Amino acid sequence: MKNSNKSNTEKVRDLIKKNPNLTNAQIAKKLGVSEMQVKLNRTRIINGTIAGTAKATVKVTKTPKTKAVETFKNEDGVGKEVARTLMIEAINSAQLKSKLILTLPSHTCAIEKKLVAKSKKYNFIGVELDEKVYWKMAANIVKNRLPITPFLGTMGDKIAEARPNQYAHLILDYCGQLHSFAEEIMLAMRNNIVEVGGSVSITLNKRISGNGRTFADFIQKLNPQHDTSICESEHLVRTFINRVGGYNYAIEEVLNYNDGASMILIIVRRIA
């Protein structure tokens, strides 16, 4: 019964621990999932997004530094509030039948509260990997009677299992570096899990370090014509989104802000 409650990422991790030589195809066959989903989960394991202890189920033994810095530190920052306003405007401007939003609320559910205050039409699936934060979020949902279904696990798991056009909008308030989440952003956009007219709001840390440096150099090769009027991290994000989104997505808004850490918000609209 315990194993049935594990996320796909943890199941992949456990299989790799038992046999590091397993291919993505072999793991996919064992778990009954796609090879792309296995590749996505493997990336999250390598980047340290999920704990590596054998006893772990959905409980994280160490929260990733990128998440810890921004999840709590700038919740009330001026820049963060401007970012929320832009995301809300992008969501409210869409005339869609579906009102289901896949989101990363943290424990505060700040943007979700604001959206519900404007309209009761929205429903959310709220994702949280850290078990302690999850229960704080769940308590907040009950206390404020928010239309949020909480999910204990990774955003990557929800994206990998999503159907085309399943969601009206995505709120990917990652706050980490782009390379840590590139695989799942790419999967979400290429599988078109947001319907036409919907928005994908992505918040990232502008710092480029570690594996992010290699990733940034690769993106630079895709688009060497760097606009010197924008910073390197914005160039990186814009190039990535344009390459992944192709003709189906358009960048609608970019906000650079700093509330103790240098951040970037990019809002993308599915147009076809």
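Remember, predicted model here, so these are calculated numbers, not experimental data. Every heavy atom of this structure was used, including side-chain atoms; hydrogens, water molecules and symmetry mates were not.
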Separation between [atom1] of [X] and [atom2] of [Y], rounded to the nearest 0.5 Å:
X	Y	atom1	atom2	value
Leu170	Ile202	CG	CD1	8.5 Å
Ile219	Asn223	CD1	CG	9.5 Å
Tyr122	Ile148	OH	CD1	14.0 Å
Glu195	Tyr167	CD	OH	12.5 Å
Phe240	Leu204	CZ	CG	9.5 Å
Asn191	Glu184	CG	CD	12.5 Å

Are the side chains of [Y] and [X] in contact, using a 4.5 Å heavy-atom criterion?
X	Y	answer
Arg163	Ile193	no
Leu15	Leu31	yes
Thr203	Ser201	no
Ile267	Leu86	yes
Tyr134	Pro150	yes
Val254	Ile264	yes
Ile171	Leu104	no

Hphob cluster co-occupancy, [X] + [Y], side-chain heavy atoms under 4.5 angstrom:
X	Y	value
Val142	Met137	no
Ile230	Ile251	no
Met189	Ile271	no
Phe124	Leu96	no
Val196	Val200	no

Single hit among Leu100, Val116, Thr149 for side-chain contact (heavy atoms from CB on, under 4.5 Å) with Asn123: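 That would be Leu100; it is the only one of Leu100, Val116, Thr149 passing the side-chain contact (heavy atoms from CB on, under 4.5 Å) with Asn123.
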Backbone of [Y] reached by a side-chain donor or acceptor of [X] within 3.5 Å:
X	Y	value
Asn144	Leu146	no
Ser93	Glu89	yes
Thr239	His235	yes
Arg270	Ala272	yes
Asn205	Met263	no
Asn192	Pro164	no

Might you point out which heavy atoms bring [X] and [Y] nearest each other, and give the distance in Å?
X	Y	answer
Pro224	Leu222	CD-C, 3.8 Å
Ala90	His169	O-CE1, 4.3 Å
Val127	Gly153	CG1-O, 3.4 Å
Cys231	Lys206	SG-CE, 3.6 Å

N-O pairing of Lys114 and Glu81 below 4.0 Å: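 Yes, this pair counts.
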Electrostatic pair Lys136-Asp130, nearest N-O below 4.0 angstrom: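 No, this pair does not count.
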By salt bridge (Lys or Arg N to Asp or Glu O under 4.0 Å) - contacts of Arg213 (at least two apart):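 Per chain and number, Arg213 pairs via salt bridge (Lys or Arg N to Asp or Glu O under 4.0 Å) with Asp217, Glu232.
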Less than 3.5 Å apart, any donor N or O on the side chain of [X] or [Y] sitting next to an acceptor on the other?
X	Y	value
His107	Glu128	no
Asn248	Arg269	no
Glu252	Ser199	no
Asn92	Lys118	no

Full working for side-chain contact (heavy atoms from CB on, under 4.5 Å) between Ile159 and Leu102: CA-CA 9 Å; Ile159 287 174; Leu102 182 62; 4.3 Å; yes
Aromatic ring pairing His179/Phe215, orientation class (parallel under 30°, perpendicular over 60°, tilted between):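 The rings of His179 and Phe215 sit tilted, inter-plane angle from 30° to 60°.
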Stepwise side-chain contact (heavy atoms from CB on, under 4.5 Å) check, Ser106 with Asp173: CA-CA 9 Å; Ser106 182; Asp173 198 9; over 6 Å; no
Full working for side-chain contact (heavy atoms from CB on, under 4.5 Å) between Tyr174 and Met155: CA-CA 10 Å; Tyr174 289 126; Met155 177 58 76; 3.9 Å; yes
Worked verdict on Thr154 versus Asp157 for side chain to side chain donor-acceptor pair (under 3.5 Å): CA-CA 5 Å; Thr154 71; Asp157 286 334; 3.1 Å; yes
Full working for side-chain contact (heavy atoms from CB on, under 4.5 Å) between Leu178 and Ile185: CA-CA 9 Å; Leu178 175 60; Ile185 295 171; 4.0 Å; yes
Face-on cation placement of Lys80 at Tyr257 ring, 6.0 Å and 45° thresholds: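 No; the conditions do not both hold, so Lys80 does not lie above the ring face of Tyr257.
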NZ (Lys30) with more than 12 external heavy atoms under 6.0 Å: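 12 or below, so no.
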